[in-house]
Colleague: 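Structure incoming, see below.
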Amino acid sequence: MSASDKVFAGSVPKLYDEYLVPLIFSVYADDIARRVAALSPSVLLEIAAGTGAVTRAVAALLPPRVRYVATDLNEPMLAVAMQRQGEDPRISWRQADALALPFDDAAFDVVCCQFGAMFFPDRTKGHAEARRVLKPNGTYLFSVWDRIEDNVFADDATVTLGKMFPDDPPLFMARTPHGYHDKAVIKADLERAGFTEISIETQSTMSRAPSAEYVAVAYCQGTPLRGEIEARDASKLQAATDAVAESIRMRHGSGPVEARIQALVITARP
């Protein structure tokens, strides 16, 4: 993983929340929220909360007595999340590194993380930190994207940009968001982190957008892929976005578009 893969700054957090969250995150956030609510936690920790897609979904399902701590490494992302959520006495927000969580041992009933584990520089250490702050009978619930070939729009964007920059293709999407999908590797990482009861479920659904342009903006300008494009030629960001839009339009149509997305949902207990 490149150091730039974790940079969500400038206009990226706002575009991420406005475009990417509805496109690919919301449906999985609702699923995670239902799973969390079914566990009836009293104290809940969210890691890598981003702009708060899961936080909003979970908060809508949990009762008033719950204490909910939402964290992210990137303060600009948390700022958007806090603004979107509004005042909620159950929720506290905190900038935190998943590999060094600033919480006591055995502090939480549930730790959840939607599409954040792929960004952990040391995934076993990140899982071990989740294990450390869990109560003995607690649950670690997280999701990761499946391989990029099973996430069609992300693959479309990556292939198109590879043709535009053949000597140095921007591979952020394949390298990091879709770079942690091997079930055997995930299970081994969790076992090294101290988990013994592990289940991994594949979930496929459809990603829908009002236009090809919407999808192109989501990926090219609402993720760290933007930084990769600008690092190659800052003047070509719009041209790259247009090229991805045209590719998606040619493959999926000129009106509203849809394509498959696929993720893994993991439940682990000590």
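Index from 1, following the sequence.
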Colleague: Assess the residue pair Phe25 and Tyr16 against the criterion (ring pair (Phe, Tyr, Trp, His ring centres under 6.0 Å)); give the C-alpha distance rounded to whole Å, side-chain angles, the decisive distance to 0.1 Å, and a yes or no.
Modeller: CA-CA 10 Å; Phe25 289 118; Tyr16 172 102; 5.3 Å; yes
Colleague: Show the numbers, then the answer: is there a ring pair (Phe, Tyr, Trp, His ring centres under 6.0 Å) between Phe108 and Phe103?
Modeller: CA-CA 9 Å; Phe108 298 95; Phe103 306 110; 5.3 Å; yes
Colleague: Holding to salt bridge (Lys or Arg N to Asp or Glu O under 4.0 Å), I want the full list of residues that pass it with Asp150, two or more places apart in sequence or in another chain.
Modeller: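 Applying salt bridge (Lys or Arg N to Asp or Glu O under 4.0 Å) to Asp150 gives Arg147, Arg260.
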Colleague: Are Val69 and Leu44 connected into the same hydrophobic cluster when the rule is that any two of I, L, V, M, F, W, Y join if their side-chain heavy atoms are below 4.5 Å apart?
Modeller: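 No, separate clusters.
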Colleague: Would you please say whether a donor-acceptor pair under 3.5 Å links the side chains of Glu46 and Tyr68?
Modeller: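 Short answer, yes.
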Colleague: Would you check if Asp122 and Thr124 make a side-chain contact, meaning some heavy-atom pair closer than 4.5 Å?
Modeller: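 Yes - at least one pair of side-chain heavy atoms lies under 4.5 Å apart.
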Colleague: Here's a test for you: under side-chain contact (heavy atoms from CB on, under 4.5 Å), which of Met164, Arg175, Glu228, Glu230 qualifies with Pro170?
Modeller: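 Result: among Met164, Arg175, Glu228, Glu230, Glu228 is the only option passing the side-chain contact (heavy atoms from CB on, under 4.5 Å) with Pro170.
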Colleague: Can Gln262 and Ser204 be counted as having a side-chain donor-acceptor contact under 3.5 angstrom?
Modeller: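 Present: a donor and an acceptor within the cut-off.
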Colleague: For a side chain to side chain donor-acceptor pair (under 3.5 Å) with Glu129, tell me which candidate from Arg132, Lys125, His127, Arg131 qualifies.
Modeller: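 The single option meeting the side chain to side chain donor-acceptor pair (under 3.5 Å) with Glu129 is Arg132.
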Colleague: In this structure, which one of Asp17, Thr55, Thr51 forms a side chain to side chain donor-acceptor pair (under 3.5 Å) with Arg84?
Modeller: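 The side chain to side chain donor-acceptor pair (under 3.5 Å) with Arg84 is passed solely by Asp17 among Asp17, Thr55, Thr51.
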Colleague: So for atom NZ, which belongs to Lys135, do other residues, nucleotides or ligands contribute more than 12 heavy atoms lying within a distance under 6.0 Å?
Modeller: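 Atom NZ in Lys135 is packed in, count exceeds 12.
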Colleague: If I compare all heavy atoms of Ile47 with all of Ala98, which pair ends up nearest, and what's the gap?
Modeller: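 Scanning both residues completely, I find the closest heavy atoms to be CG2-CB, 3.6 Å.
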Colleague: Without hydrogens or angle criteria, can the side chains of Gln203 and Asp31 be said to hold a donor-acceptor pair below 3.5 Å?
Modeller: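 Yes - a donor-acceptor pair under 3.5 Å links their side chains.
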Colleague: When the ring centroid of Tyr219 is compared with that of Tyr19, is the distance short of 6.0 Å?
Modeller: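 Between Tyr19 and Tyr219, which both carry aromatic rings, the centre distance is not below 6.0 Å.
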Colleague: Going by atom types only, do Lys183 and Thr202 share a side-chain donor-acceptor pair under 3.5 Å?
Modeller: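 Yes, Thr202 and Lys183 have a side-chain donor paired with an acceptor closer than 3.5 Å.
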Colleague: Test side chain to side chain donor-acceptor pair (under 3.5 Å) on Thr139 and Arg269 and set out the steps.
Modeller: CA-CA 5 Å; Thr139 301; Arg269 297 183 176 88; 3.1 Å; yes
Colleague: Any chance you could measure Ser143, atom OG, to Phe115, atom CZ, to the nearest 0.5 Å?
Modeller: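 The OG atom of Ser143 sits 4.0 Å away from the CZ atom of Phe115.
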